[in-house]
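These notes concern the structure reproduced below.
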Amino acid sequence: MEKQLKVIFSGAQPTGSLTLGNYIGAIQNWKELERDYECYYSIVDLHSLTVKQDPDDFKQANLSFLAQYLAAGLDPKKNVLFFQSHVREHTELAWMLSCFTYMGELSRMTQFKDKADKHKDNINAGLYTYPVLMAADILLYQADLVPVGDDQRQHLELCRDVALRFNNAYGETFTVPHIYLGKIGARIMSLQEPLKKMSKSDENQNGVIHMLDPKDVIVKKLKKAVTDSMNAVKYNDAQPGVQNLMIIHATLSGWTMSEIEAHYQDKGYGTFKMDIAELITGLTEPFREKYAHYMKNPDVLKDVYVNGAERASKKADVTMTLVRDRLGLV
Ligand code: AMP
Ligand code: TRP
């Protein structure tokens, strides 16, 4: 079977709101890939059930996430945007793959260990089998590439192992996927602690830029951003705060590091920071407008996710017909 375009699959949980880190590290890459690949981007709502959710808030968060994807510029015609729970084959395949995944493998997952540590009162079986559902997400679409952050590397290795195990036992069934890591900007750091990743759930929200932050909040966070006493815009490891700000500048302006260094040679950090605030709000202000538009038009959102589920189901159906046959199900 000759495939025309290579397939990309990625997913994100509908929790919190998108950060500048998510945008630069993930969504910007996704947008670039939409030109050359068949892309499936799923809102993995079932994965979020491993943590207790309030149903009303959760429903709102799900729709808000889709609106944020659209506001960030993901084109629903070029990409298949859908909710995981709308394509039932994800859970069907997850069950089958769970019969090809060893307890020992799942016990070694660092994300499981971390989350079990954090939610001691709710160490449920879903938290444990989370990586199997993730493997099903990917294998269902015969994905060649999976663009994710480095933290998902272990889950992807497991997915590959399970796919190979199945293929060896039953013949070529699944494409064995590769991880896709973006170039620059793979790790945007907290503005307050530049050695720590900018993360949605950070206690110190001054270090985190949310795509939905109003302009004055962004300016304030930039003013407070940690730098150093060297007063030099130079790209080097001794100045992690400045380095992080330069990466943000470069990814949004398209300038090289030497262009940035030359431009700010005799300007202070104040000017540098306010220019970055300007670059960020150039991105976030239209984002906020588009987001508000989508949230006011639930019918448009519905069109997107219904159409996405239809397109995703077609592909999932082909894989599942093959898998059921391979397993000897009548
Ligand atoms: P998460 O926010 O952990 O659900 O991650 C969603 C996607 O955004 C993943 O592909 C992450 O690797 C990416 N991502 C999250 N935070 C950052 C960051 N600070 N810098 C770069 N990429 C990030
Ligand atoms: N586990 C991923 C995360 O925490 C989310 C995810 C679920 C995912 N299924 C996926 C990512 C499939 C890529 C492909 O970020």
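The analysis underlying the following values was restricted to heavy atoms, covering all of them including side chains, and did not include hydrogens, waters or symmetry mates. Just so you know, ligand 1 is whichever comes first in the structure, and atom 1 is the first atom listed for that ligand.
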Here the atoms of ligand 1 under 4.0 Å from any heavy atom belonging to Gly25 are 21 (C), 22 (N)
One finds that the ligand 2 atoms under 4.0 Å from a non-hydrogen atom of Val44 are 7 (C), 9 (N)
Atom 12 (C) of ligand 2 has as its nearest protein heavy atom Phe9 CE2, 3.4 Å
Within 4.0 Å of some non-hydrogen atom of Arg187, the atoms of ligand 1 are 20 (N), 21 (C)
Against ligand 1, does Asn22 come closer than 4.0 Å with any heavy atom?
yes
* Asked: Would you say Glu278 has more than 12 foreign heavy atoms packed within less than 6.0 Å of its CD?
  -> no
Counting heavy atoms under 4.0 Å, the part of Ile138 that contacts ligand 2 is side chain
Report task. Would you check the N or O atoms of Pro147, main chain and side chain alike, for any that come under 3.5 Å of an N or O of ligand 1? Result -> no
Notebook entry, point to check: For atom NZ of Lys267, is the number of surrounding heavy atoms from other residues, nucleotides or ligands below 6.0 Å larger than 12?
Noted result: yes
shortest atom 4 (O) of ligand 2-to-protein heavy-atom contact is with Tyr130 OH, 3.2 Å
Between Asn236 and Ala238 (side chain of the first, backbone of the second, donor and acceptor by atom type, cut-off under 3.5 Å), is there such a pair? yes
State whether the side chain of Lys197 and the backbone N or O of Gly21 hold a donor-acceptor pair below 3.5 Å, judged by distance alone. no
Check: Do the ring planes of His249 and Tyr264 sit parallel (below 30°), tilted (30 to 60°) or perpendicular (above 60°)?
Finding: perpendicular
Under 4.0 Å from one or more heavy atoms of Ala26, ligand 1 contributes atoms 7 (C), 8 (O), 10 (O)
Just distances here: any N/O of Ile188 and N/O of ligand 1 closer than 3.5 Å? yes
Lys115, NZ atom: more than 12 neighbouring heavy atoms under 6.0 Å: yes
Please confirm whether the backbone N or O of Pro147 pairs with a side-chain atom of Gln152, one donor and one acceptor, at under 3.5 Å? no
Q) Got a donor-acceptor contact below 3.5 angstrom from the Arg326 side chain to the Ala169 backbone? A) no
**Message:** When you compare ligand 2 with His155, is there at least one nitrogen or oxygen pair between them that comes in under 3.5 angstrom?
**Reply:** no
N/O to N/O below 3.5 Å, does that happen between Gln152 and ligand 2? yes
Next on the checklist: Under 3.5 Å between any N/O of Met198 and any N/O of ligand 1: does that happen in this structure?
Outcome noted: yes
Practice prompt. Inspect the surroundings of CZ in Arg324 and state if more than 12 heavy atoms from other residues, nucleotides or ligands are less than 6.0 Å away.
Written response: yes
- Task: Kindly say whether the aromatic ring centers of His155 and Phe112 come within a distance under 6.0 Å.
- Result: no
Looking only at protein heavy atoms, what sits closest to atom 5 (C) of ligand 2 is Gly11 O, 3.6 Å
Note: Lys200, heavy atoms under 4.0 Å from ligand 1, region reported as side chain
The atoms of ligand 2 lying under 4.0 Å from a heavy atom of Val148, numbered in the order shown, are 11 (C), 13 (C)
Checking heavy atoms under 4.0 Å, the part of Val146 that sits near ligand 2 is side chain
| message | Does any part of the side chain of Thr173, heavy atoms only, come nearer than 4.5 Å to the side chain of Leu139, both counted from C-beta? | response | no
of all protein heavy atoms, closest to atom 9 (N) of ligand 2 is Asp137 OD2, 2.7 Å
